Protein chains: 2
Amino acid sequence: MATLTGVQKGYILHWGEMGTRWGINRTVAQIHALLYLSPRALPAEEIAETLSVARSNVSTSIRELEGWGIVRAVHVLGDRREHYESMKDVWEMFRLVIEQRKRREIDPTREMLRRSLEELDPKEAGAEFTRERLAAMAGFFDAVTELHDQMKRLPTGTVRKLLRMGTKVRKK
Amino acid sequence: MATLTGVQKGYILHWGEMGTRWGINRTVAQIHALLYLSPRALPAEEIAETLSVARSNVSTSIRELEGWGIVRAVHVLGDRREHYESMKDVWEMFRLVIEQRKRREIDPTREMLRRSLEELDPKEAGAEFTRERLAAMAGFFDAVTELHDQMKRLPTGTVRKLLRMGTKVRKK
DNA sequence: CGTTTCTTTCAGTTCAAACAGAATCTACAG
DNA sequence: CTGTAGATTCTGTTTGAACTGAAAGAAACG
C-alpha cells in the first residue's frame, strides 16, 4: 500500500469535499484524486486500504468513474487483478464530465421546459405570465446548449490557446 | 394559498431535483422555482403551505436565496409580513450564482493547489511526478478563472449577443 | 408598555445517500 | 472439474444533511 505524503492527502481530501459540493460522491472523488496523483495503476484492494474504505465501496465507485470515461482498467503482467488508472489530460477529463452532465441534466431540463410550454393551457389564469417565465428560462438553456455545441466544434486545444491569447473583446 | 397548475408543479419538482444534483438543497431550489413562476411576491407562510414544508424551513431557505442575491423581500401595503420575490432576469441570476460558486469553490481550490506546489518537498520520492500533476490541474483552474474574469469584463448582454450571432471560429 | 403578528433560532428527529460486510458470481489455474 | 483469487451485488447499518415543531426574538400596533 502506497503511503501518502501530506500534500497528497490534502489534495485527496479537498477533492472529495469539492465533489460533494457538485453532487459527486465523496469517495468517488477521492478515488479519482488518488488515481490522478498515482504514477502507476492501482488495484482496487490497494485503493481501499489507502483511503480506508470498504473494498465493495471501491468497486462501485470505480464503476462510476469508468462510466464517466475518466478511469480505466489496465492489466499488469503476472497479476490477475484489475489495475485502475486515471486519464492524464485535465482538459479532456473536464470536457467529458461537462459533456455528460449536460446530457444528463441540461438536456432533460430543456425537454421539460419545451413540454411545459406546449402543455400550457392559454385559458388558464396567468398562463401568459407563466409562458413568459418558462420561455425566458428555455432561452437561457438553449443558449448554454449552443455555446456548448460551438465549443465542441473547436479543434482540441483551441479553447486553451484562445485563453492564452486573451480575447480582444473589451468594454466599450 | 395559490393552487398550482400541473405545469407549475412539474417545473418546481424538476427544479428541486436539478438542485440536488448540483449541490443545492431541494427545498431551496423548489422555493426559488415557485417564486420565479409567481406573478406576485409571496409571504413565507404561503410558500410553506404551497410546498408543504415547515414554516421554519422556508425561513432558512429564503435566507440562503437572499444570500445568493436572487431573492429579495418586498413589502406590501397594509401587510406586516415580508413578501418574497425572485429576480426576473435569468442571465443575471445565473451570473450571480456562478460568480459566487467560483469564489466559494474554485478560488479555494486554486489556493490549495498553489500551496501544495509550494509545500512539495523535492527530496520526497516521486515529487517530480506529483508536481507535474498538480501543475496541470492548477493550469486548468487558472484558465477557468481567466475565462470567468474576461466574461465579467464584457458589457451586460454581450455573451447573449455573441451567441445569437454565432462565433466565427470553425474547425479548419 | 403590553399585546399581537411575524420571523428566526435551536434542539431534537427523520430520512435518504453512502457505506460495510457477507454472499454471490466469475474467471482462471492446476 | 475443483479450488482459489478477485470482482460484483445485495442487505442491512450508519451518518450527516435536511427538516420539523417549539421556543425565543423582533417589529409593529394600540
Side-chain angles (χ1 to χ4, degrees), chain A residues 1 12-13 15-35 41-68 71-85 104-105, chain B residues 1 12-13 15-35 40-68 71-85 101 104-105:
Chain A
M1 156 179 173
I12 290 168
L13 290 173
W15 207 240
E17 288 315 305
M18 202 50 39
T20 62
R21 301 222 181 188
W22 290 86
I24 287 164
N25 182 285
R26 178 182 280 111
T27 305
V28 170
Q30 286 186 349
I31 291 178
H32 176 260
L34 173 61
L35 294 178
L42 303 178
E45 180 64 28
E46 191 172 339
I47 296 171
E49 283 172 16
T50 307
L51 299 178
S52 311
V53 295
R55 175 68 186 73
S56 57
N57 197 357
V58 172
S59 183
T60 314
S61 301
I62 288 280
R63 225 148 180 278
E64 173 95 12
L65 288 166
E66 286 180 325
W68 290 104
V71 159
R72 57 172 194 155
V74 295
H75 290 274
V76 171
L77 279 175
D79 195 335
R80 291 192 8 201
R81 298 173 300 175
E82 307 262 21
H83 289 59
Y84 301 97
E85 69 177 14
R104 297 178 196 183
E105 290 147 24
Chain B
M1 157 180 171
I12 290 168
L13 290 174
W15 207 239
E17 288 314 306
M18 201 51 38
T20 62
R21 301 220 181 189
W22 289 86
I24 287 163
N25 182 284
R26 177 182 281 110
T27 305
V28 170
Q30 285 185 349
I31 291 178
H32 176 261
L34 174 62
L35 294 178
R40 61 188 170 87
L42 303 178
E45 180 65 29
E46 193 171 338
I47 297 172
E49 283 171 15
T50 307
L51 299 179
S52 311
V53 295
R55 174 69 186 73
S56 55
N57 196 359
V58 172
S59 182
T60 314
S61 301
I62 289 279
R63 224 148 182 280
E64 172 96 13
L65 287 166
E66 286 180 326
W68 291 104
V71 159
R72 56 172 196 157
V74 295
H75 290 272
V76 171
L77 278 175
D79 195 334
R80 280 166 52 175
R81 299 173 299 175
E82 307 262 20
H83 290 57
Y84 300 96
E85 68 176 16
R101 291 203 72 160
R104 297 178 197 184
E105 289 147 25

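These figures come from a predicted structure and were not determined experimentally. In what follows, every chain begins at residue 1, and chains take the letters A, B, ... in the order their sequences are listed.
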Checklist entry - Within this structure, what is the NE2-to-C1' distance between H83(B) and dT5(C), rounded to whole angstrom? => result 13 Å
Item to check | Euclidean distance, atom CZ of residue R81(A) to atom C1' of dT26(C) [Å, nearest integer] | outcome: 17 Å
Checklist outcome for this item: Ranking dG6(D), dT7(C), dA27(D) by distance to the side chain of R80(A), first place goes to dG6(D)
Item to check | Qualifying residues under salt bridge (charged side-chain N to carboxylate O under 4.0 Å, His left out), relative to R72(B), sequence neighbours excluded | outcome: E85(B)
Checklist entry - Given atom CD of E49(B) and atom C1' of dT20(D), what is their separation to the nearest angstrom? => result 16 Å
Next on the checklist: Determine whether a donor-acceptor pair (N or O, by modelled atom type, separation under 3.5 Å) exists between the side chain of T60(A) and the backbone of S56(A).
Outcome noted: yes
Checklist entry - If we only count heavy atoms from C-beta on, is the L42(B) to Y84(B) side-chain gap below 4.5 Å? => result no
Checklist outcome for this item: When rounded to whole Å, the CZ to P distance for the pair R55(A) and dA18(C) reads 19 Å
Item to check | Non-hydrogen atoms of V53(B) and V58(B) that approach each other most closely | outcome: CG2-CG2, 3.7 Å
Checklist entry - I31(A) has an atom CD1; how far is it from atom P of dA7(D), in whole Å? => result 13 Å
Checklist outcome for this item: Between R104(B) and G67(B) the two heavy atoms that sit nearest each other are NH2-O, 4.4 Å
Checklist outcome for this item: All heavy atoms of R81(A) vs all of H75(A), minimum pair found to be O-ND1, 4.3 Å
Next on the checklist: Tell me the interatomic distance from E82(B), atom CD, to dA27(D), atom C1', rounded to whole angstroms.
Outcome noted: 10 Å
Checklist outcome for this item: S56(A) has its side chain closest, among dA29(C), dA20(C), dT20(D), to dA20(C)
Checklist entry - Between dA18(C) atom P and Q30(A) atom CD, what is the distance in whole Å? => result 13 Å
Item to check | Nearest-angstrom distance from the residue atom CG of D79(B) to P of dA28(D) | outcome: 13 Å
Checklist entry - When rounded to the nearest 0.5 angstrom, what distance separates OG in S61(A) from NE2 in H32(A)? => result 13.0 Å
Checklist outcome for this item: Minimal heavy-atom distance between A29(B) and G16(B), with the atoms involved, is CB-CA, 3.9 Å
Next on the checklist: Let's see if you get this right: which residues in residues 18-28 of chain A place a heavy atom under 4.0 Å from DNA chain C?
Outcome noted: N25(A), T27(A)
Item to check | Residues in contact with DNA chain D, drawn from residues 57-68 of chain B - heavy-atom cutoff 4.0 Å | outcome: N57(B)
Checklist entry - Minimum heavy-atom separation for N25(A) to T27(A), with atom names? => result OD1-N, 2.8 Å
